[in-house]
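Letters A, B, ... are given to chains in the order of the sequence lines, protein chains preceding strands, and every chain is numbered from 1.
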Amino acid sequence: MATAAKTPEGSSRAGSLSNARLRESLVGYAFILLPMTVFAVWFIYPLGYAIYISFYDWGVLGKISSVGTRNYHDLFHDPLFGKALKNTLLYTAVVVPAQMTLGLIMALVVNAGIKGKTFFRAAFYFPSLASSAAITAIAIFILNADGLLNKIIGGHRPWFGDARTALWSIMGLNAWTTSGTVMLFYLAALQSIPTDVYEAAAVDGTSRSRTFWKITFPLLKPGHFFVAVVSIIGCLKIFDQAFIVSNGTGGPNYSTMTAVLYLYRTAFYQVKFGYAAAMGVLLFLIIFGFTLAQKILFGKAEVAG
Amino acid sequence: VTTAAEPFVPPRTVQERSRRVFIYALLLGISALYFVPFLWSVSTSFKTLPDTAYFSLLPHHWVTTGYHDVLTKYDFKRYMLNSAFLAAVITASNVFLAGLGGYAFARLRFPGREVLFLLVLGTLMIPDQLRLVPVFITLTNWHLVSSFKGYILIKLIEATNLFFMRQYFLTIPKDFEEAAKLDGAGYFKTFWRVMLPLAGPAIAAVVILEFQGIWNDFFWPAIILGFGNPHLYTVQLGITQFIFQYGTLWPQLMAASVIAILPVAIVFVLFQRYFIAGVVASGVKG
């Protein structure tokens with residue numbers, strides 16, 4: 001088959017070499033043809049298509065009429081979208097610091113020379129891997145009016161059913177679920193701190209808490225930034241838990257209506273695809289901004305610094 | 001943090017002891033936070049419904065009604081088969097296509113390779129939320145909504161897997177391919193018989209992470225499979241519908257949750273290092 005490629009380099013004539021090159025190129029294109037088709041059809045084309053759709057009034061049977069930028073204009077005057085965006089930003093502002101704090105504490109404890117380090121690292125990470133639907137089901141059970149939490153604290157609040165606590169309960173749930181991943185990032189970052197820094201501190205007789213706040217914490221700075229950006233992007237996409245605890249409604253009283261849930265409802269319950277697409281484009285721009293910030297801040301730099 | 005420095009710390013035994021007590025107390029607290037919810041749900045899955053009203057970790061009477069009901073009465077046997085089928089097909093296609101593409105981008109020279117590879121990485125920047133409407137409309141036009149085909153088609157290959165395979169192929173010495181060439185093997189044969197078998201660890205990681213990702217997926221199944229025939233539901237959609245319809249049948253709901261979590265838990269226990277290496281790699285490489 002590959003007789004041309006068999007010719008040892010150098011001794012071949014220019015003609016057969018370029019033949020081999022041509023062959024290699026064609027094989028290369030053939031190998032990437034299917035993957036590139038998938039990326040083109042389901043990623044790159046949809047990017048342009050979403051922008052196109054966002055300039056139309058688009059229903060279940062397709063295009064209804066061109067509306068220019070009205071969908072975007074409406075977004076900024078839609079109180080429910082405002083509420084969804086506010087919920088999402090509040091959610092992000094609470095969950096990001098919460099999971100970072102929890103994740104860092106867990107990393108420090110797991111890394112403190114305890115017995116069974118591998119076991120605890122795995123156990124704390126596990127909720128990040130379990131399905132969001134099952135984890136949410138467990139949370140609904142534990143947080144219901146007669147659930148375990150209320151039995152422990154002696155209350156009767158339906159945590160997901162009360163507009164004052166529903167979003168906060170999702171925050172708690174997700175900070176709990178995802179802090180295991182944050183712990184792994186921090187553990188990797190901790191490994192990269194050279195031990196001689198600690199040796200110097202120990203020789204100087206620096207106390208442990210001082211060593212942490214003056215040495216470890218600042219040296220983790222690249223890790224903090226990385227974890228923060230990844231967490232922010234993840235939080236802005238919050239959907240599964242809000243959808244499941246509210247039966248897809250974003251209730252009670254829109255307290256669990258998130259931006260992506262509103263997008264989903266606009267598309268599938270109201271069948272306003274153009275408006276939903278505009279929402280998707282806006283969300284993309286926000287998320288893209290954070291991704292870009294991450295790339296600029298880190299470039300090719302590693303968490304490890 | 002400071003274990004590495006242990007030998008250099010001057011003897012401070014009282015401080016050291018109180019530090020260890022503090023660390024283990026913290027560990028106990030965190031463990032309770034992480035273990036109790038799972039233990040509580042497993043225990044509930046073996047309780048009778050009246051039994052769930054009591055504040056006791058162990059069931060008074062161990063029953064398997066919860067499991068029996070969800071598997072037969074509430075059709076979770078079918079949902080499990082659906083999830084397993086989709087995860088198997090999509091994982092196989094990801095291994096093959098990510099291997100093929102990853103090999104081409106790592107080893108074959110062709111004009112535009114770098115630009116095309118950047119394009120592949122660029123797809124990682126396009127969030128599912130933006131793709132939702134256009135992908136749904138395209139699938140509708142092609143009559144692929146409410147069909148496994150539609151879901152499989154959009155998941156045939158994910159850029160992270162291709163990237164992962166490419167990175168691994170770059171670490172394999174070229175001697176192997178050159179030997180294969182001398183034996184007269186063509187490009188595909190070299191890839192299939194020589195390079196792919198050498199990429200065992202990378203394939204294992206792709207298999208494990210992709211299987212877990214598809215088994216757990218909620219967003220796309222909800223959109224593509226969630227509006228039609230319940231026979232198409234995955235386990236995750238089954239749980240959601242169960243919550244919506246039968247809310248407080250706790251033993252059944254917890255049994256369904258255990259069923260949804262168990263396969264991933266088993267894979268995790270067996271192949272822990274692949275998961276952790278995967279996260280750390282994504283962290284380190286951004």
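Comparing A:V109, A:I105, A:L148, A:I142 by heavy-atom pairs within less than 4.5 Å of chain B, the highest count is held by A:L148. Interface summary for chain B: among A:A259, A:A139, A:P46, A:S54, the most heavy-atom pairs under 4.5 angstrom belong to A:P46. In terms of heavy-atom pairs under 4.5 angstrom with chain B, the leader among A:L129, A:I51, A:V197, A:I287 is A:L129. With respect to chain B, the highest number of heavy-atom pairs below 4.5 Å among A:G147, A:G48, A:P127 belongs to A:P127. Across A:N247, A:D146, A:I244, A:I32, the residue that shares the most heavy-atom pairs under 4.5 angstrom with chain B is A:N247. Listed options A:G248, A:G180, A:S25 were ranked by heavy-atom pairs under 4.5 angstrom with chain B; first place goes to A:S25.
Proximity to chain A (any heavy atom under 4.5 Å) is shown, for B:A98, by neither the backbone nor the side chain. Contact of B:T44 with chain A is made through the side chain alone, with heavy-atom distances under 4.5 Å. Residue contact with chain B, scored on non-hydrogen atoms closer than 4.5 Å, involves the backbone and the side chain of A:V27 alike. In this structure, the portion of B:Y54 lying under 4.5 Å from any heavy atom of chain A is its backbone and not its side chain. In this structure, chain A has no heavy atom under 4.5 Å from any part of B:F22. Interface remark: B:I23 contributes backbone and side-chain atoms alike to the contact with chain A (heavy atom separation under 4.5 Å). Looking at A:V41, the atoms closer than 4.5 Å to chain B (heavy atoms on both sides) all sit in the side chain, from C-beta outward. Heavy atoms closer than 4.5 Å to chain B are found in the side chain of A:F288, but not in its backbone. If you measure heavy-atom distances from B:E178 to chain A, you find no contacts under 4.5 Å at all. If you measure heavy-atom distances from B:L27 to chain A, the contacts under 4.5 Å come from both the backbone and the side chain. Neither the backbone nor the side chain of B:I259 comes within less than 4.5 Å of any heavy atom in chain A. Proximity to chain A involves both the backbone and the side chain of B:L153, based on heavy atoms less than 4.5 angstrom apart. Contact annotation for B:L162: only side-chain heavy atoms (C-beta onward) come within less than 4.5 Å of a heavy atom of chain A. With a threshold of 4.5 angstrom between heavy atoms, B:Y24 approaches chain A through side-chain atoms but not through N, CA, C or O. Interface residue B:F268: only side-chain heavy atoms are found under 4.5 Å from chain A. Interface residue B:I239: only side-chain heavy atoms are found under 4.5 Å from chain A. Contact of B:V36 with chain A is made through the side chain alone, with heavy-atom distances under 4.5 Å.
The distance between the ring centers of B:Y103 and B:Y187 does not fall below 6.0 angstrom.
A:S132 and A:D240 make their closest contact through OG-OD2, 2.7 Å (heavy atoms, listed as atom of the first residue, atom of the second, distance). Nearest heavy atoms, B:A222 versus B:F227: O-CE1, 3.7 Å.
Residues B:W215 and B:Q236 are in side-chain contact: their nearest non-hydrogen atoms beyond the backbone lie under 4.5 Å apart. You'll find the side chain of B:F105 reaches within 4.5 Å of the side chain of B:V120, heavy atoms only. Taking the side chain as every heavy atom from C-beta outward, B:L253 and B:W250 approach each other to under 4.5 Å. For the pair A:V182/A:Y186, a side-chain contact is recorded, criterion being any heavy-atom separation below 4.5 Å from C-beta on. You'll find the side chain of A:W176 reaches within 4.5 Å of the side chain of A:I135, heavy atoms only. Looking at heavy atoms from C-beta onward, A:Y125 lies in side-chain contact with A:M183 at the 4.5 angstrom threshold.
Taking a 6.0 Å sphere around CG of A:L61, one finds it holds 12 or fewer heavy atoms contributed by other residues, nucleotides or ligands.
For the pair B:R131 and A:F43, the cation sits on the ring face: its NZ or CZ lies under 6.0 Å from the ring centre, inside 45° of the axis. Under a cutoff of 6.0 Å and an axis angle of 45°, A:K151 and B:W40 do not form a cation-pi pair.
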Run the numbers on B:I261 and B:F38 for side chain to side chain contact (heavy atoms under 4.5 Å, CB included), then give the verdict. CA-CA 10 Å; B:I261 292 175; B:F38 287 111; 4.0 Å; yes
